[in-house]
Amino acid sequence: MKALGTTVWALVLVLATSFLAIILSHVALEVGPVSTPWPRFAVIIVFFWMLHRPDMMTVPMVFLVGLAQDLMLGDIAGAGVLSLMIATILLDRMLPPLRTMPLVLRWLGFGAFVGLVFALEWILTSAARLSMQPLDLVLMQGGMTFLVYPVISVAMRQFLRIGRTPRRAL
Amino acid sequence: MVGRGVGVTALLAAVAIYILGATSDPRLQPLREIALDISAPVTEFVGAPLRFVRRAANSVGEFRDLASHNQQLREDIVGLSRWREVALRLEAENAQLRALNKVTLAPRFDYITAQVVGNSGGAFTQSITINAGRSQGVRPGTVVMDGTAAIGRVVALGQNAARVVLVTDASSRIPVLLQPGDIRALLIGDSTARPKLQFLSTPGKVTKGQRVLTSNHGGVFPKGLPLGTVDALVDNVVRVAPSADFRQLEFVRLVIERVDLTIDSDAVLIVRSDGGVEQEKPDRSPDGPEDEE
């Protein structure tokens with residue numbers, strides 16, 4: 001019974017943080033003729049939960065988070081979710097050793113993940129619009145997402161009291 | 001095994017959604033509406049303290065530049081005073097001419113004001129989310145202005161929220177008219193701050209400073225709304241500087257064009273044998289149509 005409660009609590013936590021991450025990427029802090037790219041917090045959250053609760057951040061869950069992100073941000077529906085899912089599947093084998101590694105190495109692992117996600121999304125969006133999308137904005141947003149990762153990761157690990165061993169506190 | 005099956009199904013669903021999204025299939029519209037209606041109020045709530053902090057930071061910045069702003073405003077007042085005199089003279093002349101001709105102009109547009117609650121913040125889409133939707137009378141394609149110039153149009157609608165794609169978005173295509181000169185062109189967004197002009201009817205006549213107005217070709221944008229001015233010719237590409245002040249974009253005005261439909265209930269629709277359609281009005285004389293012998 002206690003195990004079930006913990007699982008439900010973890011599921012609620014994963015869904016809530018994912019939803020909040022999408023909303024934070026959507027807040028109109030600064031509007032311009034071309035918006036300054038804002039980090040994709042949902043990509044960070046997906047990677048974080050893939051490391052710490054892989055049983056929760058499964059491929060169907062990645063599908064839900066990616067779809068919600070595409071629909072809320074108004075990007076081409078499917079481009080974000082598909083790139084997120086493909087990156088998740090491709091890097092799935094890389095993740096288990098990363099779980100117990102120091103933050104710097106996890107950060108590098110996240111760099112590979114975010115690079116793959118943005119590259120795939122750029123290809124899929126360019127294909128859907130039949131024109132090459134500007135690369136500078138993609139690099140800027142990918143870079144910002146990469147830079148923000150340690151802050152979010154450390155804050156969430158502190159908040160959720162996650163040690164190096166996965167699931168110790170959750 | 002079951003988990004793998006669910007994963008494969010989710011992947012196939014994502015591929016299907018991508019195909020539908022890439023072809024702008026209307027079957028995704030209900031999903032977009034639900035997402036808009038859920039996200040807009042939450043974004044507004046979450047964003048309120050962040051916007052407060054941003055406004056406070058802006059105020060500090062403005063306070064620092066107060067002296068230079070003051071000087072700039074004094075210079076603007078001198079210039080605008082001259083224009084005010086011209087405007088008053090033209091207004092009086094216009095009123096006189098209308099009175100002579102007994103012209104009464106019905107207002108063509110209704111306006112709705114909405115707050116910007118979210119933006120795409122992304123590398124692929126330049127769009128904003130506003131807190132007005134179908135319940136407030138917004139329609140798909142409704143033109144959005146910042147007060148003086150058009151900034152985009154509504155592409156997705158919820159009950160109380162709408163998504164507006166900006167003129168700078170890579171998917172934006174607006175038929176425009178350059179004045180003076182009556183040059184027709186297409187304003188194309190390319191995710192830069194200055195969208196480009198293509199398919200100019202007379203490219204040789206384009207000069208810097210020409211006004212770029214909507215032309216109503218295609219019927220989405222009403223005619224004559226200002227968009228910007230011709231800014232520069234770089235590598236044979238004509239760039240336009242938008243007139244709207246995007247940095248101050250907190251509230252927007254939605255332009256609802258009035259459609260005055262007069263429905264003639266007596267009209268008869270006749271379908272010819274060759275498939276053509278013609279409309280015929282019955283004889284409304286008191287005696288009715290005369291029967292042919």
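Quick note: numbers below take in every heavy atom, side chains included, and nothing from hydrogens, waters or symmetry partners. Within every chain, numbering begins at 1; the chains are lettered A, B, ... in the order of the sequence lines, protein sequences first and strands thereafter.
The minimum heavy-atom distance linking B:T43 with A:H26 is given by the pair OG1-ND1, 3.3 Å. Of all non-hydrogen atoms in A:L71 and B:R163, the two that sit nearest each other are O-NH2, 3.1 Å.
When the candidates B:L31, B:I34, B:I19, B:V155 are compared by the number of heavy-atom contacts under 4.5 Å with chain A, B:L31 comes out ahead. Looking only at heavy-atom pairs under 4.5 Å with chain B, the residue among A:G66, A:A127, A:A128 that has the most is A:A128. Taking chain A as the reference chain and counting heavy-atom pairs below 4.5 Å, the highest number among B:A14, B:A13, B:A22, B:G152 is found for B:A14. When each of A:L135, A:I23, A:V59, A:D70 is scored by its heavy-atom pairs under 4.5 Å with chain B, the top score falls to A:I23. Of all the listed residues (A:Q133, A:M140, A:E121), the one sharing the greatest number of non-hydrogen pairs under 4.5 Å with chain B is A:E121. Interface remark: of the candidates B:V53, B:V46, B:L11, B:L11 forms the most heavy-atom pairs closer than 4.5 Å to chain A. For the options B:T23, B:L28, B:T129, heavy-atom pairs under 4.5 Å to chain A are most numerous at B:T129. Looking only at heavy-atom pairs under 4.5 Å with chain B, the residue among A:A77, A:P39, A:P134, A:S131 that has the most is A:A77.
Residues of residues 80-91 of chain A having a heavy atom under 4.5 Å from any heavy atom of chain B, listed by number: A:V81, A:L82, A:M85, A:I89.
Counting non-hydrogen atoms of neighbouring residues, nucleotides and ligands closer than 6.0 angstrom, the CE atom of A:M94 exceeds 12 such neighbours. The environment of CZ in B:R253 is crowded: more than 12 heavy-atom neighbours from other residues, nucleotides or ligands sit within 6.0 Å. Dense packing is recorded around OH of B:Y111, with more than 12 heavy atoms of other residues, nucleotides or ligands lying under 6.0 Å away.
Both the backbone and the side chain of A:L124 have a heavy atom closer than 4.5 Å to some heavy atom of chain B. Within the 4.5 angstrom heavy-atom criterion, no atom of B:L36 approaches chain A. Using a 4.5 Å cut-off between heavy atoms, A:L24 contacts chain B through its side chain alone, with no backbone atom that close. Neither the backbone nor the side chain of A:T58 comes within contact range of chain B, judged by heavy atoms closer than 4.5 Å.
Remark: A:R93 engages no residue in a salt bridge (charged side-chain N to carboxylate O under 4.0 Å, His left out) (not counting sequence neighbours).
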- Does the pair A:F63 and B:T9 meet the rule for a side-chain contact (heavy atoms from CB on, under 4.5 Å), with working shown? CA-CA 10 Å; A:F63 170 77; B:T9 309; over 6 Å; no
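Checking each of A:I76, A:L73, A:T125 against B:F124 for a side chain to side chain contact (heavy atoms under 4.5 Å, CB included) leaves exactly one that passes, namely A:T125.
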